[in-house]
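Taking it in order: structure first as structure tokens, then the write-up.
Numbered from 1 within each chain, the chains take letters A, B, ... in sequence-line order.
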Number of protein chains: 2
Amino acid sequence: MSDTRQDVRKPRLSRERILDAAMDLADRDGIEALTIRKLADELGTKPMTIYHHVDGKEALLDGMVDVVFSEIAKPPVDLPWQEALRVRCRSAREVLGRHPWSVPLLESRHHPGPELLAHHESVLVTLDRAGMPLPLVAHAYAVLDSFVYGFAMQEANLAVQRGDEDAELAEEIAAAFDPGAYPMMTRFAMEHAMQPDFNFGDSFDYGLDLLLDGLSRAAGQEPA
Amino acid sequence: MSDTRQDVRKPRLSRERILDAAMDLADRDGIEALTIRKLADELGTKPMTIYHHVDGKEALLDGMVDVVFSEIAKPPVDLPWQEALRVRCRSAREVLGRHPWSVPLLESRHHPGPELLAHHESVLVTLDRAGMPLPLVAHAYAVLDSFVYGFAMQEANLAVQRGDEDAELAEEIAAAFDPGAYPMMTRFAMEHAMQPDFNFGDSFDYGLDLLLDGLSRAAGQEPA
DNA sequence: TCAAGCATTCGTACTTAGTACGACTTGCTA
DNA sequence: TAGCAAGTCGTACTAAGTACGAATGCTTGA
């Protein structure tokens with residue numbers, strides 16, 4: 001009856017604005033909270049409007065992954081290769097920490113974006129200028145990224161568990177804990193992991209050094 | 001009061017049978033294909049029947065993760081610690097390779113099962129008997145598991161991409177490839193990664209050795 | 001032996017999510 | 001000024017998780 005038409009402005013939406021909002025939503029509420037409907041709400045629009053800018057949800061995720069790669073620093077070309085890789089790996093950890101939802105997605109997308117490709121290229125170039133033969137380049141890249149991704153994955157889960165359910169969770173885990181059943185875990189927790197100065201993240205630099213030193217040796221150079 | 005000890009009457013279904021079927025389904029068709037309905041079909045029953053044995057889908061996933069941990073070999077107590085950890089890490093890689101869907105789940109479940117706890121305990125005990133002080137134990141465990149999980153994650157995605165869409169995918173990636181845009185990637189692919197004897201998995205033992213050697217040094221021992 | 005009790009099973013339906021279809025709106029261009 | 005392309009959205013279909021309550025049939029106590 002009442003054809004109350006409302007004002008519609010011009011290009012309020014764009015692929016970029018959608019990607020930004022989707023990343024915000026995923027960062028804030030987790031990837032499982034990222035639905036087309038919620039995204040539309042966030043943008044003050046309706047679900048189907050999204051589809052005029054993004055080719056379905058899979059393409060949306062592809063785009064988000066590429067944004068993540070764009071945020072990771074490439075290994076600086078003016079540093080020794082060990083230092084350059086250290087910079088890029090630390091950056092990767094930091095970025096993946098800001099976007100924890102992205103870790104399981106990074107390697108599982110079947111449509112690599114330009115940022116992903118450019119990033120891979122820059123790392124390969126760095127390993128190449130370390131003087132590594134190709135087989136060693138392959139090992140180095142596989143090993144470094146395994147470590148970075150795996151570490152980020154573990155950190156992401158710690159972060160989740162430190163959320164609002166902190167108390168409830170700790171209690172639940174403790175409840176499942178037959179006091180004497182896991183003596184080493186108990187000792188480890190009491191004497192180390194639950195101490196105020198314990199920080200899981202410290203192990204990142206430790207492991208990164210371990211790998212870079214080993215790779216330096218393999219490349220026939222002294223550890224930096 | 002009344003000793004109501006009852007056995008299952010007509011157990012066409014059981015938590016164990018359900019877990020087995022769920023693992024098979026996930027192994028075969030991927031974790032996203034694991035729905036309560038498909039699982040019911042697989043078991044020749046109806047969706048709601050599942051809920052009398054398993055407390056919802058989250059609990060089902062928790063149970064599956066615990067089964068995965070049960071399949072991973074614990075570090076043998078009769079081997080030197082480096083060898084013992086090598087055995088367990090290789091086993092982990094093999095098991096995660098058989099259950100690729102489980103990798104992102106392993107560390108994200110909030111309800112650790114008994115197998116998971118027992119496994120952690122056994123690894124901590126092994127690090128302890130290496131003579132490591134607790135801070136080093138923490139580093140070692142974090143670094144080893146980061147590597148194992150990260151490697152398994154990358155392998156899992158390679159496996160997926162080697163699936164039925166192999167040709168289509170390679171073609172698609174190649175199409176996105178400006179010939180001269182990524183020279184190092186191109187060289188790497190042509191001269192190494194696409195050679196018939198290239199095997200991504202070879203990097204696992206390489207990285208594991210790197211880490212175990214470094215940890216041996218840190219523990220004040222000669223690399224094994 | 002039979003009926004009550006209870007674990008198990010399942011039909012129905014509600015809810016959330018992705019998205020195909022087609023209609024409507026509006027500014028731009030011929 | 002008519003018509004078109006781009007953008008927007010209402011409707012509805014499908015898949016999936018699961019709450020509710022009825023149906024089923026085994027086990028036990030009288």
In whole Å, what is the span from the [atom1] atom of [X] to the [atom2] atom of [N]?
| X | N | atom1 | atom2 | result |
| --- | --- | --- | --- | --- |
| B:Arg17 | C:dT9 | CZ | P | 10 Å |
| A:Asp55 | D:dG7 | CG | P | 14 Å |
| B:Ile36 | D:dA19 | CD1 | C1' | 14 Å |
| B:Arg15 | C:dA7 | CZ | P | 18 Å |
| B:Leu39 | D:dT18 | CG | P | 12 Å |
| B:Lys38 | D:dT14 | NZ | P | 16 Å |
| B:Leu34 | D:dT18 | CG | P | 12 Å |

Between A:His120 and A:Tyr141, is a ring pair (Phe, Tyr, Trp, His ring centres under 6.0 Å) present by the stated rule, with each step listed? CA-CA 9 Å; A:His120 280 353; A:Tyr141 206 168; 5.6 Å; yes
On DNA chain D, does the nearest nucleotide to A:His53 precede the nearest nucleotide to A:Arg37 from the 5' side, or the other way round? Give the residue.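 It is A:His53, whose closest nucleotide lies nearer the 5' terminus.
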Quick one: does any side-chain atom of [X] pair with a main-chain N or O of [Y] as donor and acceptor, under 3.5 Å?
| X | Y | value |
| --- | --- | --- |
| B:Ser91 | B:Val87 | no |
| B:Glu121 | A:Met184 | yes |
| B:Lys57 | B:Leu34 | yes |

Tell me, which of residues 57-64 of chain A have any heavy atom that sits under 4.0 Å from an atom in DNA chain C? A:Lys57
When you measure from every atom of DNA chain C, which of residues 22-33 of chain B have a heavy atom less than 4.0 Å away?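 Residues of residues 22-33 of chain B under 4.0 Å from DNA chain C: none.
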Please work out which residues in residues 44-52 of chain A have a non-hydrogen atom less than 4.0 Å from an atom of DNA chain D and list them by number. A:Thr45, A:Lys46, A:Met48, A:Thr49, A:His52
Regarding A:Glu94 and A:Arg98, does a basic nitrogen lie under 4.0 Å from an acidic carboxylate oxygen? yes
Mind checking side-chain hydrogen bond (donor to acceptor under 3.5 Å, both in side chains) for A:His139 and listing every partner two or more places apart, or none if nothing turns up? B:Ser203
Test of understanding: with salt bridge (charged side-chain N to carboxylate O under 4.0 Å, His left out), list the residues that count as partners of A:Asp62, not counting sequence neighbours.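 So A:Asp62 forms a salt bridge (charged side-chain N to carboxylate O under 4.0 Å, His left out) with A:Arg109.
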Apply salt bridge (charged side-chain N to carboxylate O under 4.0 Å, His left out) to A:Glu16 and list each qualifying residue two or more places apart in sequence or on a separate chain.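 Once residues adjacent in sequence are excluded, A:Glu16 has no partner under the salt bridge (charged side-chain N to carboxylate O under 4.0 Å, His left out) criterion.
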In short, A:Met64 meets A:Ala26 closest at the heavy-atom pair CE-CB, 3.9 Å
Going through the distances and angles, do A:Asp205 and A:Arg86 end up as a salt bridge (Lys or Arg N to Asp or Glu O under 4.0 Å)? CA-CA 9 Å; A:Asp205 280 349; A:Arg86 200 188 311 273; over 6 Å; no
I'd like to know whether B:Asp128 forms a salt bridge (Lys or Arg N to Asp or Glu O under 4.0 Å) with A:Arg187, so could you lay out the CA-CA distance, the side-chain angles of the two residues, the decisive distance to 0.1 Å, and finally the verdict. CA-CA 11 Å; B:Asp128 184 51; A:Arg187 185 159 82 83; 3.0 Å; yes
